[in-house]
Amino acid sequence: MRHGRWRFLLAALVPALLLHVVFVLSPYAQAFYLSLTDWTGVAGEAHYVGADNFVRLGGDSLFLDAVRNNAVMLVVVPAATIALALFLASMLQGRRPIRGASAYQIVYFFPQMLSLVIIAVLWGFVYNPNTGLLNSGLRAIGLDGAARSWLAEPSLALISVMAVIVWSSVGFYVVLFSAAIDGIPKELFEAAVLDGAGKWSTFRGVTLPLVRESVQVAFVYLGIAALDGFVLVQVMTVGPGGPDGATEVVGLSLYRTAFTYGKFGYATAMGVALFFAALTLAVFALRWGRREQVEMA
């Protein structure tokens, strides 16, 4: 090992690096190049057009609607999911855990076992205005006036989709936060009780600071999910993306531009823009978490 260390390292690392370059970095490089062309996906040649595709994005009203909807989802989905998951995890693993906490975690985690397509189909039936479970339940308790066409009204369609994203995601983060809270020394909770701290004060002063890293990770993953949303919108909504672009997302615009209109170069530019948005989100979240840790130190 002393004499053949470099040969061993090269033999161990080079194959993995080559595979990474071929299957990860190379597709990224191709995508960046295609975003600067007018490739149709069928023609053998792609003509270089420079930044024209990105300039067109700024004047594409449908794409701007998609960006707006993704921005709303980026704010609402992580905030709602993390807040709900923290609340449930605190109830399960706080200073006074409830009985059967493990069983509750399994129930909350169950949506993670279903594919997004199945979830979208199931909730499509739930939201059905005539026979759906939601409207049927409202009518059964005498709230006929509250029944709506949840996916057909512009003011409700995006909210309905975001509710499904939160429902399908919260179970995983309940388990994640429960594990983080379970790792907090019980002495800290006992000290807070002796100091007369209530539940909210204990959560704010003990639980939340010590699960900050888990919350940071959750924010990054949920932010990326909010920047996507393609599967649920594609399966659940009218159009899809309707009504009137109320649920249009960047992923759906990208798919339609490429496979319906045959503008693969322009669609790739959308994908590159989405890539940098996700990268910016991740960098921001990591820097914010590092700054908070420095301030606490």
Side-chain angles (χ1 to χ4, degrees), residues 13-75 77 115-117 120 154 157-158 161 165 220-221 223-287:
L13 295 178
V14 169
L17 290 174
L18 288 176
L19 291 174
H20 184 76
V21 169
V22 172
F23 293 106
V24 178
L25 298 183
S26 176
Y28 275 112
Q30 293 178 35
F32 293 149
Y33 169 71
L34 290 175
S35 68
L36 303 175
T37 69
D38 62 352
W39 189 47
T40 63
V42 179
E45 295 184 358
H47 301 98
Y48 180 79
V49 296
D52 287 355
N53 288 332
F54 295 97
V55 173
R56 288 175 57 193
L57 290 178
D60 189 333
S61 60
L62 191 60
F63 177 76
L64 294 178
D65 286 342
V67 171
R68 180 200 63 202
N69 292 334
N70 276 122
V72 173
M73 292 169 65
L74 182 59
V75 173
V77 170
S115 72
L116 281 177
V117 174
L158 185 61
V161 172
I165 298 176
V220 172
Y221 280 105
I224 293 173
L227 289 175
D228 181 17
F230 167 76
V231 174
L232 294 178
V233 172
Q234 173 73 12
V235 177
M236 291 176 58
T237 61
V238 294
D244 298 329
T247 57
E248 186 76 20
V249 292
V250 175
L252 181 62
S253 293
L254 188 157
Y255 173 82
R256 185 188 296 112
T257 301
F259 295 101
T260 302
Y261 304 131
K263 300 177 180 178
F264 275 76
Y266 188 45
T268 306
M270 295 181 182
V272 171
L274 186 62
F275 165 79
F276 281 109
L279 183 63
T280 302
L281 171 69
V283 171
F284 170 78
L286 293 174
R287 289 180 63 86

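Note that the structure is a prediction, hence the values are computed from the model and not measured.
The shortest heavy-atom contact between Pro240 and Gln234 is CG-OE1, 3.3 Å. Heavy-atom minimum distance, Val220 versus Ala282: CG1-CB, 4.2 Å. The minimum heavy-atom distance linking Pro27 with Val21 is given by the pair CD-O, 4.5 Å. Closest of all the heavy-atom pairs between Thr237 and Gly242 is CB-O, 3.9 Å.
Using modelled atom types, no side-chain atom of Thr37 and backbone atom of His47 make a donor-acceptor pair closer than 3.5 Å. The backbone N or O of Asp38 lies less than 3.5 Å from no partner atom in the side chain of Asn53, so there is not a single donor-acceptor pair. Of the possible polar contacts, none joining the Asp244 side chain to the Ala246 backbone as a donor-acceptor pair under 3.5 Å is found. One N or O on the side chain of Asn69 and one on the backbone of Gly245 form a donor-acceptor pair closer than 3.5 Å.
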The test is side-chain contact (heavy atoms from CB on, under 4.5 Å); show your working for Phe54 and Leu36 and say whether it passes. CA-CA 8 Å; Phe54 295 97; Leu36 303 175; 3.8 Å; yes
Walk me through whether Met270 and Asp60 qualify under side-chain contact (heavy atoms from CB on, under 4.5 Å). CA-CA 11 Å; Met270 295 181 182; Asp60 189 333; 4.2 Å; yes
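Remark: Phe275 CZ is packed, more than 12 non-hydrogen atoms of other residues, nucleotides or ligands lying under 6.0 Å away. Open room surrounds OH on Tyr255; 12 or fewer heavy atoms of other groups in view lie less than 6.0 Å from it.
Taking the ring centroids of Tyr261 and Tyr266, they lie at or beyond the 6.0 Å cut-off.
Residue Glu248 is tested with Leu158, Val67, Leu62 for a side chain to side chain contact (heavy atoms under 4.5 Å, CB included); the sole match is Leu62.
At least one side-chain heavy atom of Val231 sits less than 4.5 Å from a side-chain heavy atom of Val117.
If you take CG on Leu279 and CG on Leu274, they are separated by 11.5 Å, rounding to the nearest 0.5 Å.
Using the six-membered ring where Trp is involved, Phe32 and Phe276 have ring planes that are parallel, under 30° apart on the 30 and 60° scheme.
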